[in-house]
S.K.: 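Starting off with a structure, shown below.
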There are 2 protein chains.
Amino acid sequence: MKALSIKDIALKANVSITTVSFIINGKAKEKSISEAVIEKVEKIIVESGYKPNQIARSLRTGNSNIIGLIVEDISNSFFAKVARLIEDKAYKHGYKIIYSSTENDVEKAKELINMFKSRKVDAYIISPIKGLEKDIQVLLNDNKPVILFDRNLPDVDTNYVGSNHFSASYQSIKTFIEEGKKNIALVTTDIDVQQINERFEGYRNALLDHKMPYKEALVLKIHFNQDEAATIKQIKHLFDTEEIDAVLFATNYLAISGLKVLKITNKKIGPEFSVIAYDDHEAFELHTPGISTVQQPLEEIAETVIKLILSQLTTKTKLPSQQVIIPAKLILRD
Amino acid sequence: MKALSIKDIALKANVSITTVSFIINGKAKEKSISEAVIEKVEKIIVESGYKPNQIARSLRTGNSNIIGLIVEDISNSFFAKVARLIEDKAYKHGYKIIYSSTENDVEKAKELINMFKSRKVDAYIISPIKGLEKDIQVLLNDNKPVILFDRNLPDVDTNYVGSNHFSASYQSIKTFIEEGKKNIALVTTDIDVQQINERFEGYRNALLDHKMPYKEALVLKIHFNQDEAATIKQIKHLFDTEEIDAVLFATNYLAISGLKVLKITNKKIGPEFSVIAYDDHEAFELHTPGISTVQQPLEEIAETVIKLILSQLTTKTKLPSQQVIIPAKLILRD
DNA sequence: TTGATATGGTAAAACGATTTACTATAACCA
DNA sequence: TGGTTATAGTAAATCGTTTTACCATATCAA
């Protein structure tokens with residue numbers, strides 16, 4: 001039982017394929033098709049449950065109504081939540097999302113871009129990594145909208161939506177200092193992306209601006225793809241060997257590992273040991289005591305991303321690139 | 001700068017389109033194309049960076065190498081994690097995932113199925129809701145592989161991968177009873193899906209089997225799509241008005257709301273008040289004290305789903321439906 | 001009456017691949 | 001020698017749409 005085609009509809013209605021196509025695409029009036037024919041054809045379409053083959057449509061028109069989403073890891077709660085919001089909003093405008101996780105692997109990311117390209121996605125939403133500059137430039141040359149989010153690629157002139165990681169990080173450390181903390185650690189990752197680098201710089205600058213020493217020993221850079229057990233070990237080592245009274249975690253999964261260390265070692269968060277985590281997570285709110293976090297406004301990020309895409313998609317002319325920085329909020333708990 | 005087509009390659013290599021196609025698809029040997037020609041064409045393909053247009057390919061062959069994934073909410077950590085695992089495994093076999101969230105809305109789900117159908121996805125992975133039976137049957141009649149997961153639809157004869165929710169729930173309650181709990185509450189949702197119903201039945205049967213009364217007042221069914229504030233209010237009301245010494249939460253997001261209530265009201269989990277949550281979550285491990293949970297084996301679920309899909313996809317003959325039940329584990333914490 | 005315009009519609013090319021059926025030559029065997 | 005088979009490759013149909021260019025006929029203004 002093959003699916004119906006436009007041909008079948010044309011046959012049933014005793015009109016040409018062209019006529020059916022015009023009606024489907026709402027061009028009937030403009031192409032002067034009579035009301036009677038329109039009604040007849042529409043009735044047949046509804047009755048038969050005919051749905052146009054999107055593949056054929058894409059082949060002919062060159063666009064797919066699909067938006068490609070490339071992130072580091074779709075199961076990370078930050079990305080999962082943004083993805084959901086983006087999907088919702090895209091869906092309302094007739095677009096679907098196809099996604100993939102790069103695992104911070106440049107080769108995989110390049111492959112993904114190529115797959116999306118050969119699938120003719122209409123636009124790209126990418127949380128990029130270094131080394132993708134050229135591939136993204138190719139997309140831009142091809143006149144495809146590309147929105148970077150969460151992380152920027154300074155060498156690529158395209159749209160970017162993200163938070164001000166430097167200032168959020170700076171604020172966090174400033175808060176620690178004002179609380180009288182003397183030995184503030186930073187647990188971050190070793191991936192070389194702007195967002196992570198900014199968090200580091202915010203940390204360092206806040207210290208220096210307040211005349212506090214920047215001690216390398218208090219900065220732990222965790223290798224990205226290692227398993228959690230190793231991460232926990234390293235964090236534990238840091239806590240065991242250094243005298244620390246406050247720590248900023250640069251990502252939520254690092255913070256979760258860190259909290260596990262505290263739990264294992266039975267170290268308590270309190271006046272003599274403070275924690276701030278980057279990117280909120282249910283676990284932080286529920287933790288006893290509550291964990292202060294830097295909250296990125298997911299809804300606004302998603303909204304902005306979609307808005308940028310739609311504006312690019314509807315105006316065929318190339319719009320100037322926009323860099324939208326949405327401030328992150330420091331949520332102090334307990 | 002339009003993308004290269006197979007025609008361009010044929011022209012450059014001075015051979016026919018057919019020849020190029022055979023080479024691309026690894027049928028060169030079988031179609032007796034000479035080694036010299038193969039090499040020449042392959043060289044041109046590599047040098048020019050030509051990538052076949054998947055849309056055209058799909059139109060001609062009728063399959064897309066895309067698998068459609070339909071879940072309740074992709075941002076829920078359970079689904080996000082399974083989705084990530086499924087994506088990984090699918091990717092390794094050359095398939096991509098296109099996903100959407102139903103929000104438990106039958107109409108939206110039907111629409112999604114139709115969109116996927118018109119996009120000619122090769123297979124469907126669906127966490128279904130009641131009311132979708134007919135639509136899924138249509139897919140099956142169309143000979144498309146459909147794997148239901150997390151929830152089953154008893155009236156549809158297709159593949160299913162999930163946990164034994166009845167026995168996990170039963171075990172949880174039994175554990176409570178053995179600890180001497182007398183007033184065990186259940187916080188669940190009002191959606192009518194098998195998985196949720198089984199959790200309820202497990203609760204009820206465990207009580208009755210142990211000669212304990214089933215009290216309707218201790219079962220709170222939260223309306224699915226309401227916002228969290230309302231949920232918190234209802235749970236708080238339950239805790240305030242009923243004497244309860246243990247509670248089973250039927251989903252992780254309900255448990256999170258419940259834990260928030262405890263935090264707000266400063267009620268402590270301990271010997272006189274126990275909690276078990278369904279579907280693990282980072283917040284449960286980190287909570288003080290740790291929250292016991294029913295853990296579904298995500299990796300195994302994803303693995304099984306993909307295995308079923310691939311076996312269906314590779315054998316064109318219709319395989320008998322399989323129902324794979326992977327036991328859930330009750331993790332007791334603290 | 002003539003030329004222009006509106007009305008109502010259609011034929012056929014195009015999108016970029018896959019695949020079937022075919023051709024032409026060479027090699028081989030009896 | 002003639003018939004069969006292997007080798008090396010190609011032309012053209014096809015998938016299901018959209019869209020361009022066109023054709024009639026009717027109407028209308030000058």
Side-chain angles (χ1 to χ4, degrees), chain A residues 1-42 45 48-66 115 117-122 142, chain B residues 1-42 45 48-66 115 117-122 142:
Chain A
M1 204 185 55
K2 293 202 30 73
L4 291 170
S5 79
I6 196 172
K7 202 170 161 185
D8 301 313
I9 303 299
L11 230 56
K12 270 191 212 183
N14 211 14
V15 295
S16 74
I17 290 179
T18 310
T19 303
V20 177
S21 176
F22 285 157
I23 292 172
I24 290 171
N25 294 292
K27 296 187 182 162
K29 287 271 152 57
E30 153 194 354
K31 297 290 179 176
S32 66
I33 306 294
S34 68
E35 202 55 55
V37 171
I38 295 179
E39 262 176 40
K40 177 173 64 172
V41 172
E42 277 177 346
I45 289 178
S48 63
Y50 163 74
K51 298 268 184 274
N53 180 328
Q54 295 296 335
I55 300 279
R57 201 174 245 187
S58 290
L59 178 59
R60 176 61 229 233
T61 63
N63 44 47
S64 58
N65 283 305
I66 290 185
M115 298 199 73
K117 198 159 50 172
S118 68
R119 291 235 140 75
K120 308 290 166 191
V121 306
D122 291 350
D142 207 25
Chain B
M1 204 184 52
K2 291 202 33 71
L4 291 170
S5 79
I6 195 171
K7 200 169 163 186
D8 300 314
I9 304 298
L11 230 56
K12 271 190 212 183
N14 211 13
V15 295
S16 74
I17 290 179
T18 311
T19 303
V20 177
S21 175
F22 285 156
I23 293 173
I24 290 171
N25 292 291
K27 295 188 182 162
K29 287 272 151 58
E30 153 195 354
K31 297 288 179 177
S32 66
I33 306 294
S34 70
E35 203 54 55
V37 172
I38 295 179
E39 263 175 41
K40 177 174 65 173
V41 172
E42 277 177 346
I45 288 178
S48 64
Y50 164 73
K51 297 270 183 273
N53 180 328
Q54 296 296 334
I55 300 281
R57 203 173 241 187
S58 291
L59 178 58
R60 177 59 230 234
T61 63
N63 43 48
S64 58
N65 283 306
I66 290 185
M115 296 200 75
K117 197 158 53 171
S118 68
R119 290 234 141 75
K120 307 290 165 191
V121 306
D122 290 350
D142 207 24

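Naming: A, B, ... by sequence-line order, numbering from 1 per chain. What's counted below: heavy atoms across the whole structure, side chains too, no hydrogens, waters or symmetry copies.
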S.K.: For the pair made of CG in B/N63 and P in D/dC15, what is the distance, rounded to whole Å?
M.R.: 15 Å
S.K.: With heavy-atom distances below 4.5 Å as the criterion, would you say the side chains of B/S5 and B/N53 are in contact?
M.R.: no
S.K.: List for me each residue that meets side chain to side chain donor-acceptor pair (under 3.5 Å) alongside B/S16, sequence neighbours excluded, and say none if there are none.
M.R.: B/T19
S.K.: Holding to side-chain contact (heavy atoms from CB on, under 4.5 Å), I want the full list of residues that pass it with A/N63, two or more places apart in sequence or in another chain.
M.R.: A/T61, A/D122
S.K.: Give the angle between the helix axes at the two ends of the helix from C/dT1-D/dA30 to C/dA30-D/dT1, taking five base pairs at each end and rounding to 10°.
M.R.: 50°
S.K.: Starting from P on C/dG8, measure out to CD on A/E30 and report it in whole angstrom.
M.R.: 15 Å
S.K.: Which atoms of nucleotides 26-28 of chain C (N or O only) lie under 3.5 Å from a protein N or O atom, and what are those distances?
M.R.:
none

S.K.: To the nearest 0.5 angstrom, please state how far the CD1 atom of A/I23 sits from the CD1 atom of A/I6.
M.R.: 9.5 Å
S.K.: Quick one: closest heavy-atom pair of A/S118 and B/P52, and the distance?
M.R.: CB-O, 3.4 Å
S.K.: Could you give the NZ-to-P distance, from B/K29 to D/dT7, as a whole number of Å?
M.R.: 13 Å
S.K.: Heavy-atom distance under 4.5 Å between the side chains of B/R119 and A/N65, does that happen here?
M.R.: yes
S.K.: State the CG-CG distance between B/L4 and B/L11, to the nearest 0.5 angstrom.
M.R.: 11.0 Å
S.K.: When you compare the protein's N or O atoms with those of nucleotides 19-22 of chain D, which come within less than 3.5 Å of each other, and at what distance?
M.R.:
unit_1, atom_1, unit_2, atom_2, d
D/dT19, OP2, A/K27, NZ, 2.7
D/dT19, O4, A/T18, OG1, 3.3

S.K.: At what distance, to the nearest 0.5 angstrom, does CG of A/N25 lie from OG of A/S21?
M.R.: 4.5 Å
S.K.: For the pair made of CG in A/L59 and P in C/dA13, what is the distance, rounded to whole Å?
M.R.: 17 Å
S.K.: Could you state the CD1-C1' distance from B/I23 to D/dG9, rounded to the nearest angstrom?
M.R.: 11 Å
S.K.: Looking only at side-chain atoms of B/R57, point me to the closest of C/dA17, D/dG9, D/dT17.
M.R.: C/dA17
S.K.: Round to a whole Å and report the spacing from CD1 of A/I55 to C1' of D/dT17.
M.R.: 12 Å
S.K.: Which of these nucleotides, C/dG16, C/dT10, D/dG9, is closest to any side-chain atom of A/T19?
M.R.: C/dT10
S.K.: Among residues two or more places apart or on two chains, list those pairs meeting salt bridge (Lys or Arg N to Asp or Glu O under 4.0 Å) that have a residue in residues 6-32 of chain A.
M.R.: A/K29-A/E35
S.K.: Can you find a heavy atom in the side chain of B/I66 that is under 4.5 Å from one in the side chain of B/K120?
M.R.: no
S.K.: Does a nitrogen or oxygen in the side chain of A/Y50 sit under 4.0 Å from OP1 or OP2 of D/dG16?
M.R.: no
S.K.: Sorted by first residue and then second, give each salt bridge (Lys or Arg N to Asp or Glu O under 4.0 Å) pair with at least one member in residues 50-65 of chain A; sequence neighbours left out.
M.R.: none
S.K.: To the nearest angstrom, how far is A/N53 atom CG from D/dG16 atom P?
M.R.: 7 Å
S.K.: Report, as a single string ordered 5' to 3', how protein heavy atoms within less than 4.0 Å touch nucleotides 23-29 of chain D: B base, S sugar-phosphate only, - not at all.
M.R.: -------
S.K.: Could you tell me which non-hydrogen atom of A/I9 sits nearest to which non-hydrogen atom of A/Y50, and how far apart they are?
M.R.: CD1-CB, 3.7 Å
S.K.: Contact list please: residues 4-15 of chain B against DNA chain D, heavy atoms, distance less than 4.0 Å, in numerical order.
M.R.: B/V15
S.K.: How would you list, by chain and number, every residue that makes a side-chain contact (heavy atoms from CB on, under 4.5 Å) with A/S58, sequence neighbours excluded?
M.R.: A/S64, B/I55
S.K.: Measure from the side-chain heavy atoms of A/V37 and tell me the nearest of D/dT7, C/dG9, C/dA17.
M.R.: C/dG9
